[in-house]
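Read the structure below first, then the notes.
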Amino acid sequence: MCGIIGIVGKGPVNQAIYDGLTVLQHRGQDAAGIMTCDNNHLYLRKDNGLVSDVFRTRHMLRLQGNMGIGHVRYPTAGCSSSAEAQPFYVNSPYGIALAHNGNLTNAETLMEDLFREDLRHINTSSDSEVLLNVFAHEMQRQGKYRVDESDVFEAVARVHKRIKGGYAVVALLIGYGIVAFRDPNGIRPLMIGKRTTAQGEEYMVASESVAIDALGFERLRDVAPGEAVFIDMAGHFYSRQCAENPFYAPCIFEYVYFARPDSIIDGISVYKARLRMGETLARKIKRVFPDHDIDVVIPIPDTSRTSALQLANELGILYREGFIKNRYIGRTFIMPGQQQRKKSVRQKLNPIELEFRGKNVLLVDDSIVRGTTSQQIIQMARDAGANKVYFASAAPPVRFPNVYGIDMPSKAELIGHGRNEEEIAAAIGADRLFYQDLEGLIEAVLYKKSKMVDRFDTSVFNGEYVTGDVDAAYLQKLEDSRNDGARTERERRESSVIEMHNNN
(Lines give C-alpha, C1' and ligand atoms only; values in the text may rest on other atoms or scores of the structure.)
Protein backbone atom coordinates (compact mmCIF):
# COMPACT_ATOMS: atom_id res chain seq x y z
CA MET A 1 0.00 0.00 0.00
CA CYS A 2 1.26 3.47 -0.86
CA GLY A 3 0.14 7.08 -0.71
CA ILE A 4 0.31 9.51 -3.63
CA ILE A 5 -0.26 13.23 -4.04
CA GLY A 6 -0.04 15.74 -6.88
CA ILE A 7 -0.48 19.53 -6.79
CA VAL A 8 -0.64 22.25 -9.44
CA GLY A 9 -0.44 25.56 -7.59
CA LYS A 10 0.10 29.26 -8.09
CA GLY A 11 3.16 29.29 -5.88
CA PRO A 12 5.78 26.83 -4.60
CA VAL A 13 4.24 23.44 -3.80
CA ASN A 14 7.16 21.72 -2.02
CA GLN A 15 5.90 22.40 1.52
CA ALA A 16 2.31 21.47 0.66
CA ILE A 17 3.40 18.13 -0.83
CA TYR A 18 5.59 17.44 2.21
CA ASP A 19 2.71 18.21 4.57
CA GLY A 20 0.37 16.04 2.51
CA LEU A 21 2.77 13.12 2.62
CA THR A 22 3.06 13.33 6.40
CA VAL A 23 -0.74 12.98 6.59
CA LEU A 24 -0.52 9.94 4.30
CA GLN A 25 2.42 8.40 6.19
CA HIS A 26 0.22 5.57 7.49
CA ARG A 27 0.03 4.27 3.89
CA GLY A 28 3.77 3.69 3.60
CA GLN A 29 6.76 3.96 5.92
CA ASP A 30 9.44 2.34 3.77
CA ALA A 31 10.35 5.26 1.48
CA ALA A 32 9.27 8.74 0.47
CA GLY A 33 9.84 10.97 -2.54
CA ILE A 34 8.92 14.35 -4.03
CA MET A 35 9.50 15.63 -7.56
CA THR A 36 8.75 19.23 -8.55
CA CYS A 37 8.95 21.11 -11.84
CA ASP A 38 10.04 24.72 -12.37
CA ASN A 39 10.56 26.27 -15.81
CA ASN A 40 10.92 22.84 -17.40
CA HIS A 41 13.53 21.79 -14.82
CA LEU A 42 12.89 18.82 -12.54
CA TYR A 43 13.94 18.58 -8.92
CA LEU A 44 13.87 15.24 -7.11
CA ARG A 45 14.46 13.97 -3.62
CA LYS A 46 13.65 10.41 -2.59
CA ASP A 47 15.09 7.83 -0.20
CA ASN A 48 14.19 5.11 2.25
CA GLY A 49 12.63 6.21 5.50
CA LEU A 50 9.81 8.31 6.91
CA VAL A 51 8.91 11.65 5.36
CA SER A 52 10.49 13.54 8.26
CA ASP A 53 13.73 11.58 7.82
CA VAL A 54 13.99 11.79 4.03
CA PHE A 55 13.48 15.57 3.67
CA ARG A 56 15.73 18.12 5.35
CA THR A 57 15.79 21.88 4.88
CA ARG A 58 18.49 21.64 2.22
CA HIS A 59 16.37 19.21 0.22
CA MET A 60 13.22 21.30 0.52
CA LEU A 61 15.01 24.43 -0.71
CA ARG A 62 15.98 22.61 -3.89
CA LEU A 63 12.45 21.37 -4.61
CA GLN A 64 11.39 24.43 -6.58
CA GLY A 65 8.33 24.90 -8.74
CA ASN A 66 4.57 25.38 -8.77
CA MET A 67 3.68 21.78 -9.56
CA GLY A 68 4.87 18.47 -8.23
CA ILE A 69 4.04 14.95 -7.12
CA GLY A 70 4.86 12.94 -4.01
CA HIS A 71 4.83 9.35 -2.81
CA VAL A 72 5.11 7.31 0.39
CA ARG A 73 5.81 3.64 -0.07
CA TYR A 74 5.97 0.30 1.53
CA PRO A 75 7.08 -2.52 -0.76
CA THR A 76 4.27 -4.47 -2.42
CA ALA A 77 5.95 -5.61 -5.62
CA GLY A 78 9.72 -5.57 -5.79
CA CYS A 79 11.97 -5.05 -2.80
CA SER A 80 12.59 -2.41 -0.16
CA SER A 81 15.69 -1.00 -1.84
CA SER A 82 15.94 2.80 -2.10
CA ALA A 83 16.34 2.27 -5.85
CA GLU A 84 12.62 1.54 -5.92
CA ALA A 85 11.56 4.67 -4.04
CA GLN A 86 9.24 6.81 -6.13
CA PRO A 87 8.57 8.96 -8.15
CA PHE A 88 10.16 7.30 -11.19
CA TYR A 89 11.22 9.32 -14.23
CA VAL A 90 11.77 8.81 -17.97
CA ASN A 91 13.04 11.56 -20.25
CA SER A 92 11.24 10.41 -23.40
CA PRO A 93 8.82 11.69 -24.47
CA TYR A 94 8.67 15.20 -22.99
CA GLY A 95 9.94 14.06 -19.60
CA ILE A 96 7.48 12.17 -17.41
CA ALA A 97 7.58 11.38 -13.69
CA LEU A 98 5.11 8.99 -12.07
CA ALA A 99 4.01 7.79 -8.63
CA HIS A 100 1.73 4.80 -8.21
CA ASN A 101 -0.36 3.11 -5.54
CA GLY A 102 -1.43 -0.45 -6.27
CA ASN A 103 -0.18 -3.53 -8.05
CA LEU A 104 -0.27 -4.68 -11.68
CA THR A 105 -1.26 -8.32 -12.10
CA ASN A 106 0.29 -8.59 -15.59
CA ALA A 107 3.55 -6.79 -14.82
CA GLU A 108 5.82 -9.63 -16.01
CA THR A 109 4.13 -9.85 -19.41
CA LEU A 110 4.24 -6.08 -19.77
CA MET A 111 7.93 -6.05 -18.92
CA GLU A 112 8.66 -8.44 -21.78
CA ASP A 113 6.48 -6.44 -24.16
CA LEU A 114 8.22 -3.21 -23.23
CA PHE A 115 11.62 -4.72 -23.98
CA ARG A 116 10.77 -6.61 -27.17
CA GLU A 117 8.17 -4.37 -28.78
CA ASP A 118 8.38 -0.94 -27.21
CA LEU A 119 12.21 -1.02 -26.99
CA ARG A 120 12.18 0.25 -23.41
CA HIS A 121 14.45 -0.89 -20.60
CA ILE A 122 13.17 -1.51 -17.06
CA ASN A 123 15.83 -0.92 -14.44
CA THR A 124 14.09 -2.23 -11.31
CA SER A 125 11.64 -4.97 -10.35
CA SER A 126 8.96 -2.39 -9.54
CA ASP A 127 5.69 -2.57 -11.44
CA SER A 128 5.47 1.22 -11.02
CA GLU A 129 8.39 1.61 -13.40
CA VAL A 130 6.59 -0.74 -15.79
CA LEU A 131 3.46 1.40 -15.60
CA LEU A 132 5.48 4.57 -16.22
CA ASN A 133 7.07 3.14 -19.33
CA VAL A 134 3.75 1.88 -20.69
CA PHE A 135 2.28 5.36 -20.26
CA ALA A 136 5.36 7.00 -21.77
CA HIS A 137 5.22 4.68 -24.77
CA GLU A 138 1.54 5.44 -25.36
CA MET A 139 2.31 9.17 -25.21
CA GLN A 140 5.20 8.73 -27.63
CA ARG A 141 3.11 6.74 -30.11
CA GLN A 142 1.20 9.91 -30.95
CA GLY A 143 4.33 11.34 -32.55
CA LYS A 144 3.52 14.94 -31.67
CA TYR A 145 5.92 17.69 -30.76
CA ARG A 146 3.23 19.33 -28.59
CA VAL A 147 0.29 17.57 -26.93
CA ASP A 148 -2.92 18.69 -25.24
CA GLU A 149 -5.38 17.15 -22.81
CA SER A 150 -7.04 15.05 -25.52
CA ASP A 151 -3.72 13.41 -26.35
CA VAL A 152 -3.11 12.67 -22.68
CA PHE A 153 -6.54 11.07 -22.33
CA GLU A 154 -6.02 8.97 -25.45
CA ALA A 155 -2.76 7.67 -23.97
CA VAL A 156 -4.47 6.80 -20.68
CA ALA A 157 -7.21 4.95 -22.57
CA ARG A 158 -4.57 2.77 -24.24
CA VAL A 159 -2.86 2.23 -20.88
CA HIS A 160 -6.13 0.88 -19.47
CA LYS A 161 -6.30 -1.61 -22.35
CA ARG A 162 -2.76 -2.87 -21.73
CA ILE A 163 -2.47 -3.11 -17.97
CA LYS A 164 -4.48 -5.06 -15.39
CA GLY A 165 -4.71 -4.86 -11.65
CA GLY A 166 -5.39 -2.16 -9.09
CA TYR A 167 -3.77 1.23 -9.54
CA ALA A 168 -4.11 4.89 -8.73
CA VAL A 169 -1.57 7.04 -10.56
CA VAL A 170 -0.32 10.60 -10.53
CA ALA A 171 2.13 11.68 -13.26
CA LEU A 172 3.94 14.92 -14.00
CA LEU A 173 4.47 15.94 -17.63
CA ILE A 174 7.21 18.53 -17.94
CA GLY A 175 5.92 21.72 -19.53
CA TYR A 176 2.32 20.51 -19.52
CA GLY A 177 0.86 19.66 -16.12
CA ILE A 178 -0.24 16.75 -13.98
CA VAL A 179 -2.40 13.78 -14.98
CA ALA A 180 -4.02 11.38 -12.52
CA PHE A 181 -6.02 8.25 -13.25
CA ARG A 182 -7.54 5.25 -11.56
CA ASP A 183 -8.01 1.64 -12.63
CA PRO A 184 -11.35 0.70 -14.27
CA ASN A 185 -12.56 -0.96 -11.06
CA GLY A 186 -11.53 1.86 -8.73
CA ILE A 187 -9.75 -0.62 -6.48
CA ARG A 188 -7.26 1.89 -5.11
CA PRO A 189 -8.54 5.28 -3.88
CA LEU A 190 -7.91 8.73 -5.39
CA MET A 191 -9.62 12.06 -4.66
CA ILE A 192 -9.59 15.56 -6.21
CA GLY A 193 -9.30 18.79 -4.23
CA LYS A 194 -9.51 22.47 -5.19
CA ARG A 195 -8.45 25.70 -3.53
CA THR A 196 -9.11 29.27 -4.65
CA THR A 197 -6.36 31.81 -3.98
CA ALA A 198 -5.85 35.45 -4.91
CA GLN A 199 -3.73 34.27 -7.83
CA GLY A 200 -6.27 31.75 -9.09
CA GLU A 201 -7.38 28.16 -8.61
CA GLU A 202 -5.11 25.39 -7.37
CA TYR A 203 -5.82 21.67 -7.70
CA MET A 204 -4.55 18.57 -6.00
CA VAL A 205 -5.14 14.82 -6.09
CA ALA A 206 -4.39 12.50 -3.19
CA SER A 207 -4.96 8.95 -2.01
CA GLU A 208 -7.19 10.02 0.87
CA SER A 209 -9.39 13.00 1.68
CA VAL A 210 -7.45 13.71 4.90
CA ALA A 211 -4.54 15.08 2.85
CA ILE A 212 -6.90 17.40 0.99
CA ASP A 213 -8.48 18.55 4.25
CA ALA A 214 -5.12 19.10 5.96
CA LEU A 215 -3.91 21.40 3.18
CA GLY A 216 -7.04 23.53 3.22
CA PHE A 217 -8.38 22.33 -0.13
CA GLU A 218 -12.05 21.72 -0.79
CA ARG A 219 -12.98 18.10 -1.45
CA LEU A 220 -14.46 17.99 -4.93
CA ARG A 221 -15.00 14.28 -5.62
CA ASP A 222 -13.28 10.95 -6.08
CA VAL A 223 -11.66 10.13 -9.39
CA ALA A 224 -14.09 7.68 -10.97
CA PRO A 225 -12.97 4.17 -11.99
CA GLY A 226 -11.24 4.41 -15.37
CA GLU A 227 -11.34 8.21 -15.31
CA ALA A 228 -8.36 10.49 -15.94
CA VAL A 229 -8.03 14.10 -14.82
CA PHE A 230 -5.53 16.58 -16.21
CA ILE A 231 -4.53 19.91 -14.67
CA ASP A 232 -2.37 22.05 -16.94
CA MET A 233 0.28 24.46 -15.73
CA ALA A 234 -2.16 27.37 -15.96
CA GLY A 235 -4.51 25.63 -13.54
CA HIS A 236 -7.17 24.53 -16.03
CA PHE A 237 -8.94 21.31 -15.06
CA TYR A 238 -10.01 18.62 -17.54
CA SER A 239 -11.45 15.14 -17.05
CA ARG A 240 -12.57 12.23 -19.20
CA GLN A 241 -13.70 8.64 -18.80
CA CYS A 242 -10.95 6.59 -20.45
CA ALA A 243 -12.06 3.01 -19.79
CA GLU A 244 -14.55 1.10 -21.90
CA ASN A 245 -16.38 -0.79 -19.16
CA PRO A 246 -15.71 0.79 -15.76
CA PHE A 247 -17.16 -0.95 -12.72
CA TYR A 248 -16.93 0.50 -9.23
CA ALA A 249 -15.40 -2.11 -6.91
CA PRO A 250 -13.06 -0.48 -4.34
CA CYS A 251 -10.98 -2.59 -1.96
CA ILE A 252 -12.98 -3.16 1.22
CA PHE A 253 -9.77 -3.60 3.23
CA GLU A 254 -9.22 0.18 2.96
CA TYR A 255 -12.18 0.61 5.32
CA VAL A 256 -11.14 -2.25 7.59
CA TYR A 257 -7.53 -1.32 8.18
CA PHE A 258 -5.55 0.92 5.87
CA ALA A 259 -7.34 4.24 5.54
CA ARG A 260 -7.38 6.80 8.32
CA PRO A 261 -10.73 6.91 10.13
CA ASP A 262 -11.18 10.59 9.26
CA SER A 263 -11.03 9.84 5.53
CA ILE A 264 -13.99 9.68 3.18
CA ILE A 265 -13.40 7.24 0.32
CA ASP A 266 -15.83 6.87 -2.57
CA GLY A 267 -18.47 8.73 -0.63
CA ILE A 268 -18.20 6.47 2.43
CA SER A 269 -16.92 7.67 5.81
CA VAL A 270 -14.26 5.27 7.07
CA TYR A 271 -15.10 6.21 10.66
CA LYS A 272 -18.81 5.53 10.24
CA ALA A 273 -18.05 2.25 8.45
CA ARG A 274 -15.92 1.10 11.39
CA LEU A 275 -18.63 2.10 13.86
CA ARG A 276 -21.09 -0.05 11.95
CA MET A 277 -18.58 -2.93 11.86
CA GLY A 278 -18.75 -2.88 15.65
CA GLU A 279 -22.53 -2.94 15.56
CA THR A 280 -22.81 -5.86 13.13
CA LEU A 281 -20.14 -7.83 15.02
CA ALA A 282 -21.96 -7.22 18.31
CA ARG A 283 -25.17 -8.54 16.80
CA LYS A 284 -23.36 -11.72 15.79
CA ILE A 285 -21.92 -12.19 19.29
CA LYS A 286 -25.40 -11.77 20.75
CA ARG A 287 -26.66 -14.41 18.34
CA VAL A 288 -23.95 -17.05 18.83
CA PHE A 289 -23.06 -16.33 22.48
CA PRO A 290 -26.28 -15.01 24.10
CA ASP A 291 -25.27 -15.98 27.63
CA HIS A 292 -21.81 -14.47 27.41
CA ASP A 293 -19.74 -13.76 30.50
CA ILE A 294 -17.62 -10.96 29.03
CA ASP A 295 -16.64 -8.37 31.64
CA VAL A 296 -14.79 -5.84 29.50
CA VAL A 297 -14.08 -4.99 25.86
CA ILE A 298 -10.50 -3.96 25.10
CA PRO A 299 -9.32 -2.79 21.67
CA ILE A 300 -5.96 -3.58 20.13
CA PRO A 301 -4.80 -0.09 19.16
CA ASP A 302 -5.21 1.78 17.00
CA THR A 303 -7.37 0.78 14.03
CA SER A 304 -9.88 -1.31 16.00
CA ARG A 305 -10.78 1.35 18.57
CA THR A 306 -13.79 2.68 16.68
CA SER A 307 -15.31 -0.75 16.11
CA ALA A 308 -14.52 -1.92 19.66
CA LEU A 309 -16.19 1.09 21.27
CA GLN A 310 -19.39 0.63 19.30
CA LEU A 311 -19.34 -3.13 19.95
CA ALA A 312 -19.10 -2.50 23.70
CA ASN A 313 -21.97 -0.01 23.56
CA GLU A 314 -24.11 -2.46 21.60
CA LEU A 315 -23.40 -5.28 24.08
CA GLY A 316 -23.77 -3.01 27.11
CA ILE A 317 -20.30 -3.94 28.39
CA LEU A 318 -17.52 -1.78 29.81
CA TYR A 319 -15.00 -0.45 27.30
CA ARG A 320 -11.46 0.01 28.54
CA GLU A 321 -8.05 0.84 27.08
CA GLY A 322 -5.93 -2.11 28.15
CA PHE A 323 -2.88 -1.69 25.94
CA ILE A 324 -0.53 1.24 25.58
CA LYS A 325 1.05 1.53 22.14
CA ASN A 326 4.60 2.54 21.32
CA ARG A 327 3.97 4.72 18.28
CA TYR A 328 7.49 4.38 16.96
CA ILE A 329 7.11 0.79 15.80
CA GLY A 330 5.80 0.16 12.28
CA ARG A 331 2.87 -2.01 11.28
CA THR A 332 3.78 -5.58 12.11
CA PHE A 333 2.00 -7.68 9.49
CA ILE A 334 4.17 -6.23 6.70
CA MET A 335 7.46 -6.70 8.55
CA PRO A 336 9.73 -9.32 6.96
CA GLY A 337 10.63 -12.40 8.96
CA GLN A 338 8.64 -14.13 11.67
CA GLN A 339 11.21 -13.44 14.38
CA GLN A 340 11.20 -9.71 13.67
CA ARG A 341 7.41 -9.66 13.86
CA LYS A 342 7.42 -11.48 17.20
CA LYS A 343 9.95 -9.08 18.64
CA SER A 344 8.16 -5.98 17.39
CA VAL A 345 4.78 -6.90 18.92
CA ARG A 346 6.30 -7.05 22.39
CA GLN A 347 7.95 -3.69 21.81
CA LYS A 348 4.79 -2.22 20.31
CA LEU A 349 2.21 -2.94 23.03
CA ASN A 350 2.29 -3.02 26.80
CA PRO A 351 -0.71 -4.16 28.88
CA ILE A 352 -2.22 -2.28 31.80
CA GLU A 353 -2.55 -5.12 34.32
CA LEU A 354 -5.39 -3.52 36.31
CA GLU A 355 -7.70 -3.85 33.30
CA PHE A 356 -7.05 -7.57 32.91
CA ARG A 357 -6.59 -9.09 36.37
CA GLY A 358 -9.37 -11.55 37.20
CA LYS A 359 -11.57 -10.50 34.27
CA ASN A 360 -13.07 -12.19 31.23
CA VAL A 361 -11.88 -9.90 28.46
CA LEU A 362 -12.94 -9.55 24.86
CA LEU A 363 -10.05 -8.30 22.74
CA VAL A 364 -11.09 -6.63 19.47
CA ASP A 365 -8.86 -6.22 16.42
CA ASP A 366 -9.60 -4.98 12.92
CA SER A 367 -8.51 -8.27 11.33
CA ILE A 368 -6.32 -11.34 11.78
CA VAL A 369 -3.72 -11.94 9.08
CA ARG A 370 -0.88 -14.25 10.13
CA GLY A 371 -2.17 -14.68 13.66
CA THR A 372 1.30 -14.05 15.11
CA THR A 373 0.30 -10.71 16.61
CA SER A 374 -3.03 -12.02 17.92
CA GLN A 375 -1.36 -14.99 19.60
CA GLN A 376 1.16 -12.81 21.42
CA ILE A 377 -1.44 -10.27 22.50
CA ILE A 378 -3.68 -12.99 23.92
CA GLN A 379 -0.71 -14.34 25.87
CA MET A 380 0.02 -10.81 27.14
CA ALA A 381 -3.55 -10.61 28.42
CA ARG A 382 -3.17 -13.93 30.23
CA ASP A 383 0.17 -12.89 31.69
CA ALA A 384 -1.52 -9.70 32.92
CA GLY A 385 -3.97 -11.84 34.91
CA ALA A 386 -6.99 -12.25 32.62
CA ASN A 387 -9.33 -15.07 33.61
CA LYS A 388 -10.65 -15.78 30.10
CA VAL A 389 -9.55 -14.19 26.85
CA TYR A 390 -12.02 -13.97 23.99
CA PHE A 391 -11.02 -12.49 20.67
CA ALA A 392 -13.11 -10.69 18.01
CA SER A 393 -12.19 -9.60 14.50
CA ALA A 394 -14.06 -6.73 12.80
CA ALA A 395 -13.31 -8.46 9.48
CA PRO A 396 -13.96 -12.02 8.27
CA PRO A 397 -11.12 -14.58 8.14
CA VAL A 398 -8.36 -13.51 5.74
CA ARG A 399 -7.98 -16.67 3.66
CA PHE A 400 -6.50 -15.48 0.36
CA PRO A 401 -3.60 -13.23 -0.68
CA ASN A 402 -4.15 -9.68 -1.87
CA VAL A 403 -2.95 -9.04 -5.42
CA TYR A 404 -3.91 -5.38 -5.83
CA GLY A 405 -1.33 -3.58 -3.71
CA ILE A 406 -1.42 -4.86 -0.12
CA ASP A 407 1.66 -6.91 0.70
CA MET A 408 -0.03 -9.63 2.69
CA PRO A 409 1.89 -12.86 3.25
CA SER A 410 1.68 -15.99 1.16
CA LYS A 411 -1.47 -18.08 1.39
CA ALA A 412 0.25 -20.75 3.49
CA GLU A 413 1.19 -18.11 6.08
CA LEU A 414 -2.37 -16.79 6.49
CA ILE A 415 -3.76 -18.32 9.66
CA GLY A 416 -7.26 -18.30 8.17
CA HIS A 417 -6.30 -20.39 5.15
CA GLY A 418 -7.40 -24.02 5.51
CA ARG A 419 -8.65 -23.60 9.08
CA ASN A 420 -12.12 -23.18 10.53
CA GLU A 421 -12.84 -20.71 13.32
CA GLU A 422 -12.37 -23.27 16.10
CA GLU A 423 -8.96 -24.25 14.73
CA ILE A 424 -7.92 -20.61 14.43
CA ALA A 425 -9.02 -19.94 18.00
CA ALA A 426 -6.89 -22.86 19.19
CA ALA A 427 -3.92 -21.67 17.13
CA ILE A 428 -3.95 -18.17 18.61
CA GLY A 429 -4.81 -19.38 22.13
CA ALA A 430 -8.23 -17.72 22.49
CA ASP A 431 -10.95 -19.20 24.69
CA ARG A 432 -13.38 -18.27 21.94
CA LEU A 433 -13.10 -16.42 18.62
CA PHE A 434 -15.69 -14.24 16.89
CA TYR A 435 -15.29 -13.25 13.25
CA GLN A 436 -17.36 -10.72 11.37
CA ASP A 437 -19.42 -12.33 8.63
CA LEU A 438 -18.63 -11.10 5.12
CA GLU A 439 -22.26 -10.08 4.67
CA GLY A 440 -22.04 -8.09 7.90
CA LEU A 441 -18.88 -6.33 6.75
CA ILE A 442 -20.40 -5.37 3.41
CA GLU A 443 -23.54 -4.18 5.17
CA ALA A 444 -21.45 -2.05 7.52
CA VAL A 445 -19.44 -0.37 4.76
CA LEU A 446 -22.14 -0.15 2.09
CA TYR A 447 -24.63 1.46 4.46
CA LYS A 448 -27.98 2.22 2.81
CA LYS A 449 -26.38 1.58 -0.58
CA SER A 450 -23.67 4.02 -1.67
CA LYS A 451 -24.72 5.91 -4.79
CA MET A 452 -21.33 5.27 -6.32
CA VAL A 453 -20.08 1.80 -5.40
CA ASP A 454 -21.37 -1.21 -7.36
CA ARG A 455 -19.63 -3.81 -5.18
CA PHE A 456 -16.38 -4.26 -3.24
CA ASP A 457 -13.25 -6.23 -3.91
CA THR A 458 -13.41 -8.76 -1.08
CA SER A 459 -10.86 -11.16 -2.56
CA VAL A 460 -8.83 -11.58 0.64
CA PHE A 461 -11.92 -13.06 2.28
CA ASN A 462 -13.55 -15.08 -0.50
CA GLY A 463 -10.91 -15.45 -3.24
CA GLU A 464 -13.03 -13.62 -5.84
CA TYR A 465 -10.73 -11.21 -7.69
CA VAL A 466 -12.67 -8.47 -9.44
CA THR A 467 -10.30 -8.07 -12.41
CA GLY A 468 -11.02 -11.64 -13.50
CA ASP A 469 -7.43 -12.39 -14.55
CA VAL A 470 -6.10 -14.01 -11.36
CA ASP A 471 -5.79 -17.78 -11.76
CA ALA A 472 -4.16 -20.62 -9.82
CA ALA A 473 -0.86 -20.24 -11.68
CA TYR A 474 -0.66 -16.54 -10.79
CA LEU A 475 -1.44 -17.23 -7.14
CA GLN A 476 1.20 -19.96 -6.99
CA LYS A 477 3.83 -17.63 -8.38
CA LEU A 478 2.75 -15.06 -5.81
CA GLU A 479 2.98 -17.72 -3.12
CA ASP A 480 6.56 -18.52 -4.09
CA SER A 481 7.61 -14.87 -4.03
CA ARG A 482 5.88 -13.84 -0.78
CA ASN A 483 6.74 -16.61 1.65
CA ASP A 484 9.20 -15.83 4.41
CA GLY A 485 11.93 -17.90 2.77
CA ALA A 486 11.77 -15.81 -0.39
CA ARG A 487 11.72 -12.60 1.64
CA THR A 488 14.78 -13.67 3.60
CA GLU A 489 16.68 -14.41 0.40
CA ARG A 490 15.77 -10.98 -1.03
CA GLU A 491 16.92 -9.32 2.17
CA ARG A 492 20.21 -11.24 2.00
CA ARG A 493 20.80 -10.09 -1.59
CA GLU A 494 19.94 -6.50 -0.72
CA SER A 495 22.31 -6.56 2.26
CA SER A 496 25.09 -7.93 0.05
CA VAL A 497 24.58 -5.15 -2.48
CA ILE A 498 24.63 -2.48 0.26
CA GLU A 499 27.76 -4.02 1.80
CA MET A 500 29.55 -4.08 -1.58
CA HIS A 501 28.56 -0.46 -2.14
CA ASN A 502 29.88 0.59 1.27
CA ASN A 503 33.14 -1.30 0.75
CA ASN A 504 33.70 0.44 -2.56
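Basis for what follows: all heavy atoms, side chains included, without hydrogens, waters or symmetry-related copies. Throughout, residue positions are numbered sequentially from 1 according to the sequence presented.
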In terms of side-chain heavy atoms, does Asp266 have a donor or acceptor partner in Tyr248 at a distance below 3.5 Å? yes
Distance-only donor-acceptor check, side chains Gln86 and Ser128, under 3.5 Å: yes
Might you point out which heavy atoms bring Arg182 and Ala224 nearest each other, and give the distance in Å? CB-O, 3.9 Å
When you check the side-chain N and O atoms of Tyr271 and Ser263, is any donor under 3.5 Å from an acceptor? no
Ring centroid separation for Tyr94 and Tyr176, is it under 6.0 angstrom? yes
Side-chain donor-acceptor pair present, Glu201, His236, cut-off under 3.5 Å: no
Do the side-chain N and O atoms of Ser126 and Glu84 include a donor-acceptor pair separated by under 3.5 angstrom? no
Non-hydrogen atoms of Tyr43 and Leu63 that approach each other most closely: O-CD2, 3.4 Å
Indicate the ring-plane relationship of Phe181 and Phe135, choosing parallel, tilted or perpendicular according to the 30° and 60° boundaries. tilted
Can you spot which of Lys10, Lys194, Arg195 makes a side-chain hydrogen bond (donor to acceptor under 3.5 Å, both in side chains) with Glu202? Arg195
Is there a donor-acceptor contact under 3.5 Å linking the side chains of Ser92 and Gln140? yes
Any donor-acceptor N or O pair under 3.5 Å, side chains Glu279, Gln310: yes
Do the side chains of Ile5 and Ile69 get nearer than 4.5 Å, heavy atoms only? no
